[in-house]
Participant: 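My questions will all concern the structure given below.
The structure presented is a predicted model; accordingly, all values stated were derived computationally and were not measured. In what follows, chains carry the letters A, B, and so on, assigned in the order in which the sequence lines appear, proteins first and then strands, with residues in each chain numbered from 1.
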Number of protein chains: 2
Amino acid sequence: MGITKSQIFNERQNDLAQFFKVLGHPARVAILQHISKQNSCICNDLVEEIGLAQATISQHLKELKSVGLLKGEIEGKSMCYCINIERWTEVQSELNTFFNNTKSNCC
Amino acid sequence: MGITKSQIFNERQNDLAQFFKVLGHPARVAILQHISKQNSCICNDLVEEIGLAQATISQHLKELKSVGLLKGEIEGKSMCYCINIERWTEVQSELNTFFNNTKSNCC
DNA sequence: ATTATATATTGCAATATTACGATAATAAAA
DNA sequence: TTTTATTATCGTAATATTGCAATATATAAT
């Protein structure tokens with residue numbers, strides 16, 4: 001196996017899990033934190049700052065982009081990766097709804 | 001490789017990522033949602049409700065327990081798994097701090 | 001045009017995760 | 001005490017993720 005049985009869950013459960021999953025790696029947390037401290041951010045900054053190979057950082061950036069949390073614009077010969085604030089707020093709100101709807105009723 | 005280089009990140013980054021990661025599977029999202037609808041919850045309920053094998057559910061419960069989001073009490077010959085509300089609120093607050101501290105300054 | 005710089009993609013090795021059947025462990029019921 | 005019911009653990013197969021070197025791609029600078 002090794003494959004998640006997504007079919008047996010509803011869309012909201014799969015979506016929520018996907019957001020959590022993308023944020024579930026320290027490199028991606030670190031990338032978001034670093035970007036939020038800078039006014040502009042290119043991949044090479046991250047490679048030095050974080051200490052993973054360029055290919056690895058690029059891969060993590062791709063995943064963050066895939067769920068819309070980052071957007072990237074070409075800026076001359078480098079890239080400007082930025083947090084997509086609308087998406088960011090949206091996701092935060094989704095996650096809070098999940099947290100608020102999950103309550104303890106026993107023990 | 002395949003192994004996350006945790007050493008190069010700080011404790012907070014690793015902790016945050018770990019919480020996100022544990023929540024990053026639809027089965028675990030579904031388990032938390034189901035528990036929050038019930039007054040008591042045992043593993044067998046979940047097996048029927050979710051549709052994964054008993055061994056698999058048990059494994060997911062273990063992971064949720066490992067980060068303190070669930071606590072389990074023996075109740076006769078079955079278990080009562082409950083959300084650890086203090087921990088739950090704590091984690092929600094941590095995640096919100098992360099979201100609020102991560103801002104866009106460019107693009 | 002050639003070179004230098006920055007990022008993306010490919011291919012691969014190592015490890016992790018998901019899932020399940022089989023089995024163990026534990027406690028209530030008969 | 002044997003059976004039944006419930007959950008945990010072990011072993012294993014399949015797939016996913018992480019990470020990197022090598023290479024491709026694209027743009028700026030020379």
Side-chain angles (χ1 to χ4, degrees), chain A residues 1-9 13-14 17-18 20-31 34-35 38 40-67 70-82 107, chain B residues 1-9 13-14 17-31 34-35 38 40-67 70-82:
Chain A
M1 325 289 147
I3 187 165
T4 297
K5 290 187 152 183
S6 312
Q7 339 87 29
I8 68 176
F9 304 104
Q13 288 165 337
N14 282 312
Q18 206 198 344
F20 280 125
K21 191 174 180 181
V22 166
L23 295 171
H25 191 289
R28 294 192 286 270
V29 168
I31 284 171
H34 184 68
I35 289 184
Q38 308 293 112
S40 79
C41 184
I42 55 173
C43 182
N44 257 18
D45 280 317
L46 291 168
V47 173
E48 286 181 33
E49 173 80 10
I50 294 181
L52 289 169
Q54 183 267 322
T56 308
I57 296 288
S58 188
Q59 203 175 264
H60 284 304
L61 288 169
K62 194 177 173 185
E63 284 182 73
L64 287 165
K65 229 168 90 176
S66 79
V67 293
L70 284 188
K71 55 184 177 184
E73 281 176 23
I74 298 163
E75 201 166 80
K77 67 181 162 184
S78 58
M79 287 288 292
C80 178
Y81 271 111
C82 301
C107 305
Chain B
M1 325 288 148
I3 186 166
T4 297
K5 289 187 153 183
S6 312
Q7 339 87 29
I8 69 176
F9 304 104
Q13 289 165 336
N14 283 312
Q18 207 198 344
F19 284 123
F20 281 125
K21 190 174 182 182
V22 167
L23 295 172
H25 191 288
R28 294 193 285 271
V29 168
I31 285 171
H34 184 67
I35 291 185
Q38 308 293 111
S40 79
C41 184
I42 56 173
C43 183
N44 258 17
D45 280 316
L46 292 168
V47 172
E48 286 181 33
E49 173 80 13
I50 294 181
L52 289 169
Q54 183 268 321
T56 308
I57 296 289
S58 188
Q59 204 174 263
H60 284 304
L61 287 169
K62 193 178 172 185
E63 283 182 73
L64 287 165
K65 230 169 90 176
S66 79
V67 293
L70 285 189
K71 55 184 175 183
E73 282 177 23
I74 298 163
E75 202 165 79
K77 65 182 162 184
S78 60
M79 286 289 292
C80 177
Y81 271 111
C82 301

Participant: Under a 4.5 Å cut-off applied to non-hydrogen side-chain atoms, are B:L61 and B:L46 in contact?
Facilitator: yes

Participant: Checking B:T56 against B:I50 for the side chain to side chain contact (heavy atoms under 4.5 Å, CB included) test, could you report, in this order, the C-alpha distance in whole Å, the side-chain angles of both residues, the deciding distance, and whether it holds?
Facilitator: CA-CA 11 Å; B:T56 308; B:I50 294 181; over 6 Å; no

Participant: Under 4.0 Å: is that the gap between some side-chain N or O of B:H60 and OP1 or OP2 of C:dT17?
Facilitator: no

Participant: Does B:Q59 have any side chain to side chain donor-acceptor pair (under 3.5 Å) partners at least two apart in sequence or in another chain, and if so, which?
Facilitator: none

Participant: Polar-atom pairs under 3.5 Å, protein N or O versus N or O of nucleotides 3-6 of chain C: list them with distances, or write none.
Facilitator:
residue : atom : partner : partner atom : Å
C:dA6   : O4'  : A:K77   : O            : 3.3

Participant: On DNA chain D, nearest-nucleotide positions of A:G24 versus B:K62: which is more 5'?
Facilitator: B:K62

Participant: Return the set of residues passing side-chain contact (heavy atoms from CB on, under 4.5 Å) with A:K5 (not counting sequence neighbours), or none when no residue passes.
Facilitator: A:Q7, A:I8, B:L52

Participant: With rounding to the nearest 0.5 angstrom, report the CD1 to CG distance, A:I31 to A:L64.
Facilitator: 6.0 Å

Participant: What are the 5'-most and 3'-most nucleotides of DNA chain D lying under 4.0 Å from any heavy atom of chain A?
Facilitator: D:dA13 to D:dA28

Participant: Select base, sugar-phosphate, or nothing to describe what B:K21 touches, counting heavy atoms under 4.0 Å on all strands.
Facilitator: sugar-phosphate

Participant: Can you tell if the side chain of B:C43 reaches within under 4.5 Å of the side chain of B:M79, non-hydrogen atoms only?
Facilitator: no

Participant: Restricting to pairs with a member in residues 48-66 of chain A, which pass salt bridge (Lys or Arg N to Asp or Glu O under 4.0 Å), not counting sequence neighbours?
Facilitator: A:R28-A:E63

Participant: What pairs of donor and acceptor atoms, side-chain ones from residues 17-25 of chain B against any protein atom, are under 3.5 angstrom apart with sequence neighbours left out?
Facilitator:
residue : atom : partner : partner atom : Å
B:H25   : ND1  : B:A27   : N            : 3.0
B:H25   : NE2  : A:T4    : OG1          : 3.4

Participant: Please write out each protein N/O paired with an N/O of nucleotides 20-22 of chain C under 3.5 Å, distance rounded to 0.1 Å.
Facilitator:
residue : atom : partner : partner atom : Å
C:dC20  : OP1  : A:K5    : NZ           : 2.5
C:dC20  : OP2  : B:A53   : N            : 2.8
C:dC20  : OP2  : B:T56   : OG1          : 3.1

Participant: Whole Å only: how far is the CD atom of A:Q7 from the P atom of C:dT18?
Facilitator: 15 Å

Participant: Which value, rounded to the nearest 0.5 Å, describes the distance between B:D45 atom CG and B:I57 atom CD1?
Facilitator: 11.0 Å

Participant: Take the protein atom CD1 of A:I3 and the nucleotide atom C1' of C:dA16, then report the distance between them rounded to whole Å.
Facilitator: 16 Å

Participant: Using a heavy-atom cut-off of 4.0 Å across all strands, would you classify A:T4 as base, sugar-phosphate, or nothing?
Facilitator: sugar-phosphate

Participant: I'd like to check B:C41 versus B:H34 (side-chain heavy atoms, cut-off strictly below 4.5 Å). Are they in contact?
Facilitator: yes

Participant: List the atom of B:Y81, the atom of B:G72, and the distance in Å for their closest heavy-atom pair.
Facilitator: CD2-CA, 3.7 Å

Participant: Atom CG of A:L46 to atom C1' of C:dA8: distance rounded to whole Å?
Facilitator: 15 Å

